[in-house]
Amino acid sequence: MAARKVFVAGNWKMNKLVAEAVTLAEDLKPLVANVTNVDIAVCPTYTALYAVGKALAGSNIQLGGQDAYVKESGAYTGEISPRMLLDVGCSWTIIGHSERRHILGESDAFLNEKVRFALASDINVMFCIGELLEERKGGTMKDVLERQVVKGLEGLTAADLDRVVVAYEPVWAIGTGETATPDQAEEAHVFVRGLIEKIFGADAAAALRIQYGGSVKPDNAAELIARENIDGFLVGGAALKADSFADIVNACA
Ligand code: 13P
């Protein structure tokens, strides 16, 4: 286990009506209430954020959005601003999830704008990166990760990185049940930390938390978190049930 404080976040994606989301939050609270050595967050869909935020008030579970646009307000139909996320109690937002990169077509340059605007708006960022299966098989995994890190974090300072977590989520492992092995995940995390060191220096690299995401489950969390450079998880499917998410958190505690 690394010296950095472990951070486990649940990405609920486009799931749960408001009442279901509140129930999940209420069920989760007591299951992780005694955990003090792991940062915990959940990222519900927008319509449930306010209600879940109220349900979690005073708990040790932080709230996050799943995306944020690059303007504070205005004529941007369908978008949501960092300020609106802060307004409902979020301290985090995900930026650059692979579903936004590959389904919604968001570019590295646009994601960089989002990261910068979110940080300028005082919300912390979970910045997601990860290669496709064909990129891994074709031997370009490291090029892809390098491009995503260099372009996505362009213009940031080492001090900005205090408010950024990087989530390594190999696309082939998301929602497939096929987890990266601890060796595969550790190799990618070491590579990413090395990139951060080159750009931002050794201190920033040593302090940066790198989450792993992709079919994390209660039964594989312990062996992954045991690796030196894996500092937590961004959990999809297993975050939709209170007991499985709590088991993952507790495996890290
Ligand atoms: P799964 O845990 O469902 O594979 O999803 C991972 C993910 O995309 C988290 O952001």
Side-chain angles (χ1 to χ4, degrees), residues 6-16 20-21 24 28 38-46 48-49 52 61-68 85 90-106 111 114-115 118 123-133 135-136 141 144-145 148-149 152 164-182 184-185 188-189 192 209-225 230-252:
V6 171
F7 181 20
V8 179
N11 174 9
W12 294 0
K13 306 191 180 183
M14 198 177 75
N15 293 293
K16 306 279 179 194
E20 297 164 340
L24 175 54
L28 183 60
V38 176
D39 286 334
I40 308 166
V42 294
C43 303
T45 196
Y46 297 132
L49 276 175
V52 170
I61 306 170
Q62 302 173 65
L63 192 68
Q66 298 178 11
D67 188 28
L85 296 177
C90 292
S91 43
W92 292 93
T93 189
I94 298 170
I95 302 276
H97 192 277
S98 73
E99 287 143 21
R100 299 212 62 89
R101 291 177 185 269
H102 298 296
I103 303 175
L104 285 305
E106 297 190 354
L111 294 174
K114 287 188 170 186
V115 170
I123 194 158
N124 303 311
V125 170
M126 281 179 256
F127 179 63
C128 303
I129 59 171
E131 81 285 0
L132 299 164
L133 184 59
E135 292 166 339
R136 173 170 278 263
M141 174 187 98
V144 170
L145 297 181
Q148 292 174 338
V149 167
V164 175
V165 168
V166 171
Y168 169 63
E169 300 204 299
V171 181
W172 48 272
I174 295 177
T176 58
E178 190 182 340
T179 322
T181 65
Q184 287 173 322
H189 286 219
V192 170
R209 293 185 290 184
I210 306 177
Q211 297 169 314
Y212 168 76
S215 299
V216 176
K217 303 279 184 272
D219 63 5
N220 58 28
E223 60 174 7
L224 286 161
I225 203 64
I230 300 178
D231 307 312
F233 301 118
L234 185 52
V235 185
L240 296 174
K241 291 210 167 79
D243 54 355
S244 55
F245 186 67
D247 285 349
I248 292 168
V249 170
N250 285 307
C252 301

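The figures that follow rest on heavy atoms only: side chains count, while hydrogens, waters and symmetry mates do not. Because the structure is a prediction, the values reported are computed rather than measured. We count ligands from 1, going down the list as the structure has it; atoms in each ligand are counted the same way. The residues of the chain are indexed from 1 along the displayed sequence.
Across all their heavy atoms, S215 and G177 have their closest contact at OG-N, 2.8 Å. Contact detail for V8 and C252: the closest heavy-atom pair is CG2-SG, 3.9 Å.
Without hydrogens or angle criteria, R101 side chain to C128 main chain gives a donor-acceptor distance under 3.5 Å. For the pair K217 (side chain) and T179 (backbone), a donor-acceptor distance under 3.5 Å is absent.
No donor-acceptor contact under 3.5 angstrom links the side chains of Q66 and H97, judged on distance only.
Between A173 and ligand 1 there is a heavy-atom distance shorter than 4.0 Å.
Close approach of ligand 1 to G214 is summarised as follows: ligand atoms under 4.0 Å from at least one heavy atom of the residue are 4 (O), 6 (C). Those atoms of ligand 1 that come under 4.0 Å of a heavy atom in S215, given as number and element, are 1 (P), 2 (O), 4 (O). Heavy-atom proximity to N11, at under 4.0 Å, picks out these atoms of ligand 1: 9 (C), 10 (O).
When non-hydrogen atoms are compared, ligand 1 lies under 4.0 Å from the backbone of I174 as well as from its side chain. Heavy atoms of A167 found under 4.0 angstrom from ligand 1: none, in either backbone or side chain.
The aromatic rings of W92 and F7 sit tilted relative to each other, their planes meeting at an angle between 30° and 60°. A tilted orientation is assigned to the rings of Y212 and Y168, their planes being inclined by 30° to 60°.
Under the side-chain contact (heavy atoms from CB on, under 4.5 Å) criterion, V171 pairs with S98, H102, L132, not counting sequence neighbours.
Protein heavy atom in closest approach to atom 3 (O) of ligand 1: G237 N, 2.8 Å. Summary of contacts: the protein heavy atom closest to atom 9 (C) of ligand 1 is E169 OE2, 2.9 Å.
Residue G175 has at least one nitrogen or oxygen atom sitting less than 3.5 Å from a nitrogen or oxygen atom of ligand 1, judged on distance alone. Taking distance alone, with nitrogen or oxygen atoms compared against 3.5 Å, K217 stays at or beyond that limit from ligand 1. Residue-to-ligand polar distances keep T176 apart from ligand 1: every N/O pair is separated by 3.5 Å or more. Considering both main-chain and side-chain atoms, G236 comes within under 3.5 Å of ligand 1 through a nitrogen or oxygen pair.
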